[in-house]
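Chain A is the first sequence line, chain B the second, and so forth, proteins listed ahead of strands; every chain is numbered from 1.
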Protein chains: 2
Amino acid sequence: MDDWDNYRLILALHRSGSLRSAARLLGVNHSTVSRRLATLQAGSAGILFEQVAGGYRPTETGAKMVSAAEDMEEIAQRAERQQRAAGSADKGPITLSLPEAIGQFLLFEDIGEFGKLYPDIDLTIISSYGFANLDRSEADMVIRGTDKPSDHLVGRRLFPYALSHYCKRGYLDDTPPEKRRWLATAHNWSQDEWKKTSPFSDAPILYAMSDLTMRHKALLAGQGMARTACYMADTEPDLMRLPGAKTVTGQHLWVLTHPDLKDTPRIKTLMRYLCDALIAKRTLIEGKTR
Amino acid sequence: MDDWDNYRLILALHRSGSLRSAARLLGVNHSTVSRRLATLQAGSAGILFEQVAGGYRPTETGAKMVSAAEDMEEIAQRAERQQRAAGSADKGPITLSLPEAIGQFLLFEDIGEFGKLYPDIDLTIISSYGFANLDRSEADMVIRGTDKPSDHLVGRRLFPYALSHYCKRGYLDDTPPEKRRWLATAHNWSQDEWKKTSPFSDAPILYAMSDLTMRHKALLAGQGMARTACYMADTEPDLMRLPGAKTVTGQHLWVLTHPDLKDTPRIKTLMRYLCDALIAKRTLIEGKTR
DNA sequence: ATCCATTGGTGCATTTTTACACCACTAGAT
DNA sequence: ATCTAGTGGTGTAAAAATGCACCAATGGAT
């Protein structure tokens with residue numbers, strides 16, 4: 001094959017199943033994918049994909065090329081990580097992926113401080129609730145609450161974070177029982193176990209939103225009640241736990257990196273720094289400051 | 001890296017050491033290589049090659065990318081061989097590399113006959129004295145006289161071919177001793193052991209040429225004497241061995257293919273066919289028909 | 001000192017690739 | 001039957017990549 005980038009094309013089309021979604025994976029126009037596939041299959045490679053309803057599927061020949069493409073991707077990703085792992089001092093780029101809530105509340109000042117302590121480390125924060133793929137260098141490190149981290153990643157398993165039920169001080173006095181409302185999150189709308197275990201399990205949901213920061217502001221504005229992480233709420237003097245509210249344990253916090261990066265000095269420095277910062281806030285995270 | 005074809009660029013530049021020779025390897029203009037390298041190094045890959053007298057040399061980072069590129073090449077070549085190995089019947093393409101002399105004299109009719117016997121096998125003959133690289137699919141099979149075949153290739157080791165000293169009938173009668181001349185080949189000009197063991201070891205060389213076919217025609221035209229393969233000369237009624245000439249043993253003939261192809265039906269068919277054809281001509285090849 | 005064969009670099013023209021816009025088709029939901 | 005959200009395909013314009021031609025530099029041979 002005269003252009004090894006065709007292996008990326010093959011992989012994208014295999015993984016996504018259609019020209020348009022392969023194009024999204026590759027960051028190009030679907031007509032580009034269509035034409036490159038046609039050119040590729042007109043050459044010595046032969047027919048690699050057959051058209052099925054809704055898209056394309058590899059032929060037997062194509063499946064072998066997909067396998068080769070997967071091997072190539074592994075090599076390209078390893079090479080990229082090796083490049084990112086380079087460096088013998090506290091300098092160079094690091095990409096850190098973490099939940100918005102942790103970035104904006106729990107570690108907001110610590111991250112700013114890190115930037116001052118290590119001015120030669122170029123820290124990029126990616127706020128995301130998705131689990132960044134460290135194999136493909138979407139990030140160098142991640143902080144996550146999870147019960148099932150990827151087995152091959154390395155780092156620290158810390159402790160679980162706690163949640164409880166909160167409202168703004170004065171909300172209960174100012175709001176007749178029949179007008180009290182819950183502020184939910186988009187992904188746990190249908191799972192109302194958290195509401196059943198709350199002090200006001202019968203109150204309806206005002207609305208739900210995916211943005212936890214927006215919900216936090218709604219809570220602070222007294223628009224309703226919410227179950228939220230203690231590390232977000234317990235530092236707010238205007239917020240109080242609902243009477244009778246208990247803390248419940250969420251998932252364990254992890255700070256993880258890729259095995260290829262674990263020995264890189266600046267990665268070790270950030271890993272140690274973040275773990276220390278989280279451990280220092282353990283009582284807050286576990287809901288034990290009140 | 002957003003274009004895996006850059007790995008081919010890296011490999012070519014590493015192997016050849018300069019923009020211009022890398023361009024020749026890749027089949028593009030040297031300005032293209034220059035620009036692609038500049039673009040690549042301006043991106044996240046960093047500086048991969050440093051300029052030295054006469055060309056470029058990989059940096060430490062670049063050496064790692066070279067290693068990755070070598071791994072990718074291995075995968076690409078294996079994928080290509082797997083594609084060529086596909087097929088369960090006597091059909092499909094085969095590229096056969098063999099010396100011109102064998103193609104034009106020894107197996108000329110057999111190859112034509114094979115085309116008739118297996119019309120669905122697309123046989124391509126590459127006449128060459130170089131040893132085609134089967135790893136990179138320069139050919140699917142080779143016939144060679146050699147004493148050191150590549151260890152990893154598979155096939156048959158047959159028997160050695162014989163050579164002797166010849167002239168056109170009547171040449172000796174028509175040519176006074178002081179005007180007798182040798183027709184040499186380009187690659188054995190300096191090695192005149194073959195002349196010392198000939199019946200007329202003192203005769204000078206008329207000229208040398210790389211083209212064995214041309215020399216054969218010169219021999220037939222009575223321009224001089226030559227040491228040539230018996231399978232070329234013994235079938236010519238107008239040629240005779242020089243009085244007192246002995247046969248000497250050349251290298252063994254091999255018929256080889258790549259291990260990944262050895263089980264492909266059409267490769268096995270051609271392998272069997274060529275070996276049978278050569279074995280059938282063993283007495284001619286060993287110089288024992290006269 | 002001169003010549004020659006290599007090298008790297010670059011302006012401009014050409015070619016190739018890609019994006020854009022649009023069309024038609026399909027399948028599922030209503 | 002209609003609507004919607006996907007799909008593949010293609011003509012044309014735009015962008016990118018490449019080749020060509022040329023220049024200057026370098027190092028070895030004479």
Exercise. Taking the side chain from B:Lys195 and the backbone from B:Ala203, do they hold a donor-acceptor pair closer than 3.5 Å?
Worked result: yes
Exercise. What's the CZ-C1' distance between B:Phe49 and C:dG8, to the nearest Å?
Worked result: 15 Å
Exercise. Using a distance-only test with no angle check, is there a side-chain donor-acceptor pair under 3.5 angstrom linking B:Asp135 and B:His258?
Worked result: yes
For this session: Figure out the CG/C1' separation between B:Asp5 and C:dT16, and round it to whole Å.
Result: 15 Å
For this session: Sequence neighbours left out, what passes side chain to side chain donor-acceptor pair (under 3.5 Å) with A:Ser150? Give chain and number order.
Result: none
Exercise. Would you say A:Gln83's side chain and B:Thr61's backbone share a donor-acceptor pair under 3.5 angstrom?
Worked result: no
For this session: Let me have a per-nucleotide readout for nucleotides 20-30 of chain C, 5' to 3', with B, S or -, counting only protein heavy atoms under 4.0 Å.
Result: B----------
For this session: Quick one: pull up OH in A:Tyr7 and CG in A:Leu40 and give me the separation to the nearest 0.5 Å.
Result: 9.5 Å
Exercise. Between B:Tyr56 (OH) and D:dT26 (C1'), how many Å, whole number?
Worked result: 14 Å
Exercise. Between residues 7-16 of chain A and DNA chain D, which residues have a heavy-atom gap below 4.0 Å?
Worked result: none
For this session: Keeping the roles fixed (side chain from B:Asn6, backbone from B:Leu9), state whether a donor-acceptor pair exists under 3.5 Å.
Result: no
Exercise. Can a side chain N or O of A:Thr32 be found less than 4.0 Å away from OP1 or OP2 on C:dA19?
Worked result: yes
For this session: Select one nucleotide: of D:dT7, C:dG9, D:dT10, the one nearest the side-chain heavy atoms of A:Ser34.
Result: D:dT10
Exercise. Going by distance alone, is a donor N or O of one side chain under 3.5 Å from an acceptor N or O of the other, for A:Ser21 and A:Ser18?
Worked result: yes
Exercise. Which whole-number value in Å describes the distance from A:Asp2 CG to D:dT18 P?
Worked result: 13 Å
Exercise. Whole-Å distance between D:dT7 C1' and A:Arg57 CZ?
Worked result: 16 Å
For this session: Check the pair A:Arg8 / A:Glu73 against salt bridge (charged side-chain N to carboxylate O under 4.0 Å, His left out), numbers first and verdict last.
Result: CA-CA 8 Å; A:Arg8 278 201 316 134; A:Glu73 182 188 49; over 6 Å; no
Exercise. Between A:Arg24 and D:dG6, does any side-chain N or O lie under 4.0 Å from OP1 or OP2?
Worked result: no
Problem set entry | Spacing of B:Arg36 atom CZ relative to C:dT17 atom P, expressed in whole Å | 12 Å
For this session: Look at the side chain of A:Thr59 and the backbone N and O of A:Gly62, then say whether any donor-acceptor pair between them is shorter than 3.5 Å.
Result: yes
Exercise. If only side-chain N and O atoms of A:Gln51 are considered, is one of them under 4.0 Å from the OP1 or OP2 phosphate oxygen of D:dT7?
Worked result: no
Exercise. Roughly how many Å is it from CG in A:Leu37 to P in D:dT10, rounded to a whole number?
Worked result: 13 Å
Exercise. Just how far, in rounded Å, is P of C:dT17 from CG of A:Leu40?
Worked result: 12 Å
